[in-house]
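This report concerns only the one structure given below.
Note that the numbering runs from 1 along the sequence shown for the chain. Everything quoted here is computed from the prediction, not taken from an experiment.
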Amino acid sequence: MHKEVDQLMAIPYLETLAFYSVAVLALVVFLTLWNMVTKYNDWEEIKKGNVAVALATGGKIFGICNIFRFSMLNNDTLFESIIWSCYGFVLLVAAYFIFELLTPRFRIDEQVKKDNRAIGFISFVISVSMSYVVGASVT
């Protein structure tokens with residue numbers, strides 16, 4: 001079975017489709033998990049026009065996809081890419097909690113839910129920036 005999968009993955013179009021499919025699935029799963037961490041519903045807030053939540057969510061999407069990008073570039077198999085992406089996701093969530101700890105005067109979730117765009121933008125930048133830091137270490 002392993003030999004057959006390797007033969008299929010040798011076809012660039014099928015390899016691209018496989019990585020794309022897994023990346024989309026991982027994005028959906030990771031965003032669902034991240035939505036459970038925050039004290040607001042991302043999609044409900046975005047539907048209401050909350051720009052801060054849209055910025056924070058956009059940063060999460062970019063960060064997750066960027067880590068997956070690095071993991072695809074630096075690993076030989078789809079399975080290795082998935083493992084590194086999961087690890088990168090955990091580190092992105094950790095960065096979110098560190099951000100929360102470093103701002104004891106206010107709660108990030110509360111400010112983002114109140115459409116504090118400055119906090120939403122900083123959240124965006126942290127997710128994107130940390131995805132590059134994590135991505136650079138993916139082997």
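Summarising the geometry, atom OG belonging to Ser137 is positioned 7.0 Å from atom OH belonging to Tyr87; distances are rounded to the nearest 0.5 Å. Atom CG in Leu78 sits 4.0 Å away from atom CD1 in Ile82 (nearest 0.5 Å). Here CG of Leu101 is found 10.5 Å from OH of Tyr96. Values are rounded to the nearest 0.5 Å. Atom OG of Ser129 is separated from atom CG of Leu92 by 10.5 Å, given to the nearest 0.5 angstrom. The structure places CD1 of Ile46 at 8.5 Å from OH of Tyr40, a figure rounded to the nearest 0.5 Å. Taking NZ of Lys60 as the start and OG1 of Thr38 as the end, the distance is 4.5 Å to the nearest 0.5 Å.
Within 6.0 Å of CZ in Phe121 there are 12 or fewer heavy atoms belonging to other residues, nucleotides or ligands.
In the hydrophobic clustering of ILVMFWY residues, with side-chain heavy atoms under 4.5 Å counting as a link, Met36 and Leu25 come out together. Cluster annotation: Val128 and Val125 are assigned to the same hydrophobic cluster (Ile/Leu/Val/Met/Phe/Trp/Tyr, side-chain heavy-atom contacts under 4.5 Å, transitive). Under the 4.5 Å side-chain heavy-atom criterion for grouping Ile, Leu, Val, Met, Phe, Trp and Tyr, Ile126 is connected to Val134 within one hydrophobic cluster. When the side chains of ILVMFWY residues are joined at heavy-atom separations under 4.5 Å, either directly or via intervening members, Val133 and Val90 end up in two distinct hydrophobic clusters. Under the 4.5 Å side-chain contact rule for hydrophobic residues, Val93 and Val53 share a cluster.
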Show, in sequence, the C-alpha distance, side-chain angles and deciding distance for Leu27 and Phe68, and conclude whether the side chain to side chain contact (heavy atoms under 4.5 Å, CB included) test is met. CA-CA 9 Å; Leu27 180 62; Phe68 208 91; over 6 Å; no
Using the rule given for side chain to side chain contact (heavy atoms under 4.5 Å, CB included), can you reason through Leu17 versus Tyr13, listing the C-alpha separation, both sets of side-chain angles and the distance that settles it, and then say yes or no? CA-CA 6 Å; Leu17 182 60; Tyr13 295 111; over 6 Å; no
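At a threshold of 4.5 Å between non-hydrogen side-chain atoms, the residues Phe106 and Ile119 count as touching. The side-chain heavy atoms of Phe70 and Ser85, taken from C-beta on, include no pair separated by under 4.5 Å. Residues Glu80 and Ile83 form no side-chain contact, since every pair of their non-hydrogen atoms from C-beta on lies 4.5 Å or further apart.
Ring planes of Phe62 and Phe124: tilted class, angle from 30 to 60°.
Minimum heavy-atom separation, Ser81 to Met72: OG-CA, 3.6 Å. Nearest heavy atom pair, residue Ser131 against residue Asn66, reads OG-ND2, 2.9 Å. Shortest non-hydrogen contact noted between Asp42 and Asn35 is N-OD1, 3.0 Å. Looking at every heavy atom in both residues, Ile61 comes nearest to Trp43 through CD1-CH2, 4.4 Å. Of all non-hydrogen atoms in Arg107 and Lys39, the two that sit nearest each other are NH2-NZ, 3.3 Å.
Taking the six-membered ring for Trp, Phe89 and Trp34 have ring centres closer than 6.0 Å.
Applying the side-chain hydrogen bond (donor to acceptor under 3.5 Å, both in side chains) definition to pairs two or more places apart or across chains, those involving residues 113-123 are Gln111-Asn116, Asp115-Arg117.
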